[in-house]
Amino acid sequence: MTQTSGRDAAPPDPTEYDPFSYEQDEDPYPVYRWMRDEAPVYRNERLDFYALTRFQDNLDAFLDAETWSSNWGTSLEFMDGPKGDTGLMIYMDPPRHTRYRKLISKAFTPRSIGALEEKIREIAVGYLDALVGRPRFDAVADFTARLPMDVISSMLGIPESDRLEVQRNSNMILHRDPGNPMPVKEAFVAQAKLMEYLTKHIEDRRRRPRDDLMTRLTQVEVPDDDGTAQRLSDDDIRAFMILLATAGNETVTKLLATAFHELWRNPDQRRTLVENPDLIPNAVEETLRFDPPSQYQGRVTTRDVTLHGRVIPKGARVLLINGASGRDERRFPDPDRYDVRREIDMHLGFGYGRHICLGASLARIESRIGIEEFLRRWPSYEIPPDGIRRMHSSNVRGFSGLQIDAR
Ligand code: HEM
């Protein structure tokens with residue numbers, strides 16, 4: 001399979017960037033480079049979208065939520081109309097977004113998340129210790145997909161016995177068949193099952209409050225447009241739970257597997273981390289810069305925008321490709337080099353501005369602990385040539401399988 005570096009890849013085909021292309025999924029970085037250099041305001045007529053790739057352009061757009069609206073959704077295949085009634089704050093604009101975000105953000109501050117460190121380590125160690133002694137295992141199925149689901153489930157209050165079923169349903173909602181970006185029939189069935197499950201638990205929390213996020217969501221109040229405090233509706237609570245359960249799973253799963261893959265490709269970098277585990281937090285940031293799990297954030301313009309001499313008209317669908325911005329040499333020297341010692345003052349791997357990843361602290365701590373505990377057990381693992389499977393989605397990038405030969 002093609003390696004994921006822009007460094008030694010074949011020259012890009014500059015005719016089209018297609019976020020649904022399996023071929024480009026293998027290594028989108030050459031086409032991103034061409035877009036940054038030759039088409040900083042890229043236009044795809046066939047799929048009807050624009051795209052920005054340069055670091056500064058995307059940073060400016062992330063910081064201006066009034067011009068770059070999230071209300072049409074953030075993933076190209078779903079940007080077919082306003083998503084105002086979904087209750088998902090990721091699709092809301094200010095001021096509604098600000099109100100919704102405020103009521104949940106306290107649970108995700110670095111301080112609240114720091115208190116979970118011991119619990120997160122216990123979960124990670126449980127999965128990894130169970131693999132010790134096996135000559136080969138799948139880092140995704142056996143570890144990176146399990147850790148974030150367990151962590152967010154325990155925060156929300158989903159009991160252990162239900163987690164596999166909840167995860168199966170959440171994954172099915174996200175599943176896409178080759179060549180078809182839309183959800184499959186089974187996805188709607190899974191969604192109905194998940195809704196029914198959550199409704200039952202929300203009722204239970206209203207009757208018997210517990211010390212978990214689900215209970216907190218039944219108790220918080222959010223001011224409506226005229227300032228009157230309102231409890232969240234069941235629809236809103238379900239939307240919150242689904243967003244929290246889905247936003248953090250795929251992404252951490254992919255980030256950890258990408259880090260393991262990149263560290264295997266760069267054994268000198270891996271050795272550096274084994275010898276200096278205090279650099280692991282920086283390796284997490286470098287991975288988010290180099291090959292982030294969430295490659296672009298979709299927006300719709302609320303006015304005409306002129307950039308680099310081109311006009312993006314009001315109402316246009318625009319992909320802010322943060323995956324491309326991490327490789328922008330205008331911001332990062334030698335950007336195609338994966339360097340765990342790189343000094344990074346800012347990257348766009350978690351987006352930026354009002355919608356900057358709510359779970360960033362949680363993602364950072366899970367990823368740090370995941371890498372620490374993994375390298376402690378397997379400091380010089382190998383990945384067999386047929387052991388890499390890439391998943392395909394328009395904006396999530398990473399592996400669905402990564403075989404590890406233990407050593
Ligand atoms: C490495 C892991 C992760 C990555 C790369 C990531 C990436 C992102 C990005 C790029 C955004 C911005 C979306 C936009 O601007 O439209 C975002 C938002 C969000 N993320 Fe994450 N995320 C990660 C982990 C998590 C985790 C663990 C949670 C757990 C709760 C989470 C919850 C959210 C939520 C709720 C939002 C929406 C925030 C808002 O609209 O204000 N994420 N994430």
Side-chain angles (χ1 to χ4, degrees), residues 58-59 61-65 68-76 78-79 83 86-110 112-113 116 120 144-145 147-156 170 213 217 239-259 281 283-300 318-323 325-326 347-371 395-398:
N58 277 333
L59 177 61
F62 280 128
L63 287 170
D64 180 2
W68 307 89
S69 166
S70 293
N71 189 238
W72 275 50
T74 55
S75 197
L76 185 61
F78 292 122
M79 293 174 73
K83 302 278 179 287
T86 55
L88 297 169
M89 72 172 159
I90 199 162
Y91 300 155
M92 291 177 195
D93 288 332
R96 190 163 172 235
H97 171 262
T98 317
R99 294 200 296 265
Y100 271 70
R101 179 150 173 145
K102 205 168 152 200
L103 68 87
I104 190 83
S105 55
K106 222 169 136 203
F108 289 92
T109 58
S112 310
I113 295 301
L116 299 175
I120 297 173
T144 76
L147 174 71
M149 184 65 195
D150 267 14
V151 172
I152 196 72
S153 300
S154 76
M155 288 174 78
L156 286 168
S170 315
L213 263 183
L217 286 168
F240 254 118
M241 295 199 34
I242 287 174
L243 178 62
L244 295 176
T246 50
N249 280 342
E250 281 281 311
T251 43
V252 175
T253 301
K254 300 299 180 272
L255 183 82
L256 272 171
T258 299
V284 172
E285 304 307 312
E286 174 67 345
T287 310
L288 284 160
R289 174 197 74 81
F290 185 79
D291 197 12
S294 182
Q295 289 273 298
Y296 73 77
Q297 320 307 317
R299 298 291 190 261
V300 165
V318 186
L319 309 187
L320 308 179
I321 308 183
N322 47 333
S325 299
H347 60 69
L348 304 180
F350 286 128
Y352 214 75
R354 287 177 185 273
H355 288 277
I356 192 169
C357 179
L358 176 82
S361 297
L362 181 59
R364 286 185 161 116
I365 207 165
E366 286 178 17
S367 305
R368 167 170 64 75
I369 291 174
I371 298 174
N395 68 345
V396 176
R397 179 173 162 74

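Whatever order the structure lists ligands and atoms in, that order sets their numbers, starting from 1. Everything quoted here is computed from the prediction, not taken from an experiment.
Distances from ligand 1 to the non-hydrogen atoms of Arg354 include at least one value under 4.0 Å. Ligand 1 is never approached by Tyr91 to a heavy-atom distance shorter than 4.0 Å.
Shown here is Tyr352, whose OH atom has no more than 12 heavy atoms of other residues, nucleotides or ligands within 6.0 Å.
Nearest protein heavy-atom contact of atom 38 (C) of ligand 1 is Arg101 NH1, 3.4 Å. Looking from atom 7 (C) of ligand 1 to the surrounding protein, the closest heavy atom is Gly349 O, 3.8 Å.
The distance criterion of under 3.5 Å between nitrogen or oxygen atoms is met by Arg299 with respect to ligand 1.
Contacts of Asp93 classified as salt bridge (charged side-chain N to carboxylate O under 4.0 Å, His left out), with partners at least two apart in sequence or in another chain: none. When the side-chain hydrogen bond (donor to acceptor under 3.5 Å, both in side chains) test is applied to Ser105, no partner is found at least two apart in sequence or on another chain. Residues that satisfy the salt bridge (charged side-chain N to carboxylate O under 4.0 Å, His left out) test with Arg364, not counting sequence neighbours, are Glu285.
Of all heavy-atom pairs spanning Asn322 and Gly351, the tightest one is ND2-N, 4.3 Å. Residue Leu147 comes nearest to Glu366 through the heavy atom pair CD2-O, 3.8 Å, listed as atom of the first residue, atom of the second, then distance.
At a 4.0 Å heavy-atom cut-off, ligand 1 touches His355 through backbone and side chain alike. When non-hydrogen atoms are compared, ligand 1 lies under 4.0 Å from the backbone of Ile90 as well as from its side chain.
Protein contacts to atom 21 (Fe) of ligand 1 involving N, O or S atoms at a distance below 2.8 Å are Cys357 SG.
Close approach of ligand 1 to His97 is summarised as follows: ligand atoms under 4.0 Å from at least one heavy atom of the residue are 39 (C), 40 (O), 41 (O).
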